[in-house]
Amino acid sequence: MHQQVGQYDLSTVVNKDTFSETVEFRQCEIEGRSLVTKQPLNPGDIILVEHPQLRYLIEPECRSSLSPHYSKRLWQQLKESIQNDEDFSPGVPAAMLGYLSLKEEERPKYDFFYYPELTEEHPTVQLIKEASNTVVSTVPEFKDIDAMDMAKFILKIYGNAHTVSFAHERTTQTHKKRKERRQRYIPKFGEPYDNSAFAEERQVQQRSMICLMTWGSKFAHSCAPNMFLQYEPSENVMVFRAVRALEQGTVLSFSYLPEDDMSLGGLVCGTTVLRQAKLRKFKFFECACTRCSDYDWSRGCEGEIYYHKGQWETRCGVQQDIPSFIGKREDHVQKITLAFAGLAHGLKPVDEDSLRMIEPYMEDLLHPEEEEEDDDDEDKEVPVPEHHWTYGSIHAVLSTYHLKLFSQFFGKGLAERFGMTQKGLNEAVIYMRFLNNRIWSCPSGSPGNPMAAFFAGWRILTIVMESVFQGTQKTVAIRSTKTETIPGNNSNNKKKKCNDDDSDSSDDDSSSEEEEELVTTTELIPMPEIWKQPVGQIIDIVQSEWIPLVTQVFHARRSPVVDDMLQRINQFIDRVEQVSAL
Ligand SMILES: C[S@@+](CC[C@H](N)C(=O)[O-])C[C@H]1O[C@@H](n2cnc3c(N)ncnc32)[C@H](O)[C@@H]1O
């Protein structure tokens, strides 16, 4: 089967011509029906721009065009139908509301979507069937619904839809005032670089929405995908771009696991076992992508032993200490690292006790204390291997702790006295190198996931940038006289004059005080010598790898979010250059 996409409905596709020229619809051996390139493509080429066929909020809070049937009572009843499984709350209730909003005549459109057979012994299939039966027999709004048709619809959502997060700004009185204050500051101090204080003040919440795409759902999944997808809320379109050069006849893929997940790369940076478990549970298939078929590089096995398809393979001899990390202890370390990452990155509130534990706990994972010789060798703790993904996450958490959390809780002065910034910068270098060596590309030479590595690294880079900005400037208060605000006058000279006046304040003429006001301004100060090496190493990675990749991938169609990221990186590099010259 080689079919032209034009034989089907292209009404949701924005770039109909290029989409039809670029891809064809084929039955592939591993991935089933898929979209395959009809011609060679370059990184950044736009493959598909598509409006969702259906979209709704995952967690609605009021009745709106995105959830026309919402009511507090109904939502509660639907949630109760799946109360035994946390993983599915609120995905299933939201899909049920989505089904309720479908018009009868729209239903045939959903025949084009793949779903697993209802007879499958798959736990998700069973759960969705049971929940649908319960709701139809107990909730009045659903009494005329065919339970099995709704179950099929929910399975189609799970199997095919995309979850997109978008910024949602809350506008309460306080926030309005804060916004105004921020606007007043911008002309004085410039745009803040993710100054998280401002980010919190703005109260921009991330909301999640389900988008079902007619054609976007036909692409295969890969953990080392050849496309990157991004939702653009301003146009309500999903954009699929090539991330590397592709030959004619290549199966197009994106990652069904979110790559722009900023919680340190999430699953895409995790082990094959974790990624496959998630895809099995929510997408109903065993992933057979190149990264899942390769050795499991994120398990930290190098040189001698490889974890491959559930068992150890050796080339030359056995290294006992590496496998001993896999298993119970590995699971434990993963859980702890992820919990701390959640705290460190503001996903959960951090209490002081956990904060105090972060550093010693992470250090102990990296360098476990030597235990007394024991008969029971099996329980002997080994350091987290250098190439295990949790090793990367541990350094990301430590970097965040040193650069941000410590000073937030115990004060900036103390942090500086303890050399926290330098420690944090060193940790950031280790993490960013880890991402580039392990996730960006696979050590076997097969492609990795550079976009996921970029987004995971961005989380740390913003913290690094913020620390360097803060550490290379100081705020000084100066007196300024209103009468001196002559257009075209050099403001620096003006400030200098005021300072000079200040130094001789004993001679101040008190009659002029009425005309003076206190103004704050920032002055650049040199970067501490010991920061220079890690900051230079970070800039090397960003300049040699990150900027070229992102610029290439987004060149044909710009993205406001990515433009903003690049602009902030460039401002950071400029700042480092400026203060180096001081
Ligand atoms: C969203 S659908 C993709 C379109 C689907 N092939 C169809 O016929 O409509 C996802 C399904 O495609 C197949 N698939 C996609 N990527 C795969 C992969 N990396 N390994 C194995 N199967 C894959 C699986 O059957 C999966 O359930």
Side-chain angles (χ1 to χ4, degrees), residues 1-5 7-10 12-13 19 23-37 47-48 50 52-55 91 95 108-125 128 151-164 210-229 231 238 240 243 246 250-259 267-268 270-294 296 309-310 442 446-449 452:
M1 175 195 102
H2 285 214
Q3 288 180 344
Q4 301 309 314
V5 289
Q7 288 177 250
Y8 295 87
D9 177 16
L10 290 179
T12 49
V13 178
F19 181 60
V23 302
E24 63 189 6
F25 197 30
R26 271 198 214 166
Q27 184 68 32
C28 299
E29 206 179 309
I30 296 173
E31 301 88 350
R33 288 184 303 174
S34 299
L35 292 165
V36 175
T37 53
I47 295 161
L48 172 65
E50 189 179 24
Q53 178 172 324
L54 175 74
R55 59 184 187 140
K109 278 198 199 164
Y110 293 84
D111 293 346
F112 198 37
F113 293 101
Y114 151 85
Y115 66 95
E117 289 302 325
L118 290 176
T119 47
E120 256 193 51
E121 280 303 309
H122 192 291
T124 304
V125 176
I128 289 174
K152 278 183 203 165
F153 171 82
I154 301 171
L155 290 170
K156 285 175 187 175
I157 295 290
Y158 271 90
N160 297 278
H162 308 262
T163 308
V164 299
I210 291 290
C211 288
L212 186 63
M213 324 294 299
T214 315
W215 286 102
S217 70
K218 297 296 172 289
F219 291 114
H221 160 85
S222 171
C223 301
N226 50 36
M227 290 189 301
F228 179 72
L229 100 161
Y231 179 67
M238 197 76 88
F240 295 76
V243 287
L246 301 174
T250 308
V251 177
L252 289 161
S253 60
F254 68 92
S255 172
Y256 295 179
L257 304 167
E259 290 163 293
L267 283 165
V268 186
T271 63
T272 303
V273 170
L274 285 176
R275 297 192 310 271
Q276 288 191 326
K278 197 82 170 176
L279 292 165
R280 195 179 303 123
K281 181 162 184 182
F282 293 104
K283 299 286 174 186
F284 322 110
F285 69 95
E286 289 295 319
C287 183
C289 76
T290 51
R291 203 165 146 214
C292 287
S293 315
D294 196 351
D296 191 353
K309 298 196 171 174
C442 290
S446 72
N449 193 334

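Numbering of ligands and ligand atoms starts at 1, following listing order.
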- Task: Begin from the C-alpha positions of L252 and F240 and carry the test side-chain contact (heavy atoms from CB on, under 4.5 Å) through to its verdict.
- Result: CA-CA 10 Å; L252 289 161; F240 295 76; over 6 Å; no
- To the nearest 0.5 angstrom, please state how far the CD1 atom of I157 sits from the CG atom of L212.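 Output value for this atom pair is 4.5 Å.
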Looking at [Y], is its backbone amide N or carbonyl O close enough to the side chain of [X] to form a donor-acceptor pair, meaning the two atoms are under 3.5 Å apart?
X: D296; Y: T271; result: no
X: T37; Y: T250; result: yes
X: N226; Y: V251; result: yes
X: E259; Y: V268; result: no
X: R291; Y: G448; result: no
X: T12; Y: P52; result: no

Please identify which atoms of ligand 1 are closer than 4.0 Å to at least one heavy atom of [X].
X: C287; value: 19 (N), 20 (N)
X: K283; value: 27 (O)
X: H221; value: 15 (C), 16 (N), 18 (C), 19 (N)
X: G159; value: 1 (C)
X: N160; value: 1 (C), 2 (S)
X: Y256; value: 1 (C), 2 (S), 3 (C), 10 (C), 15 (C)
X: E286; value: 20 (N), 21 (C)

- Message: Check for me whether S34 has a heavy atom closer than 4.0 Å to any atom of ligand 1.
- Response: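 Judged by the 4.0 Å heavy-atom criterion, S34 does not count as contacting ligand 1.
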- Query: Is F112 near ligand 1, meaning one of its heavy atoms is under 4.0 Å from it?
  - Reply: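 Distance cut 4.0 Å: F112 fails for ligand 1.
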For [atom], which protein heavy atom lies nearest, and how many Å away is it?
atom: atom 26 (C) of ligand 1; value: F285 CD2, 3.4 Å
atom: atom 12 (O) of ligand 1; value: E31 O, 3.5 Å
atom: atom 20 (N) of ligand 1; value: A288 N, 3.1 Å

- Note on the structure: Of C223, P225, S217, the one whose closest heavy atom lies nearest atom 1 (C) of ligand 1 is S217
- F113, portion touching ligand 1 at heavy-atom distance under 4.0 Å: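 For F113, no heavy atom sits under 4.0 Å from ligand 1.
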N/O donor-acceptor pairs under 3.5 Å from side chains in residues 109-124, not counting sequence neighbours:
| from | atom 1 | to | atom 2 | distance (Å) |
| --- | --- | --- | --- | --- |
| H122 | ND1 | T124 | N | 3.0 |
| H122 | NE2 | R280 | O | 2.7 |
| T124 | OG1 | K281 | O | 2.7 |

- Query: Who are the side chain to side chain donor-acceptor pair (under 3.5 Å) partners of T163, not counting sequence neighbours?
  - Reply: none
- For ligand 1, is there an N or O atom under 3.5 Å from any N or O atom of R33? yes
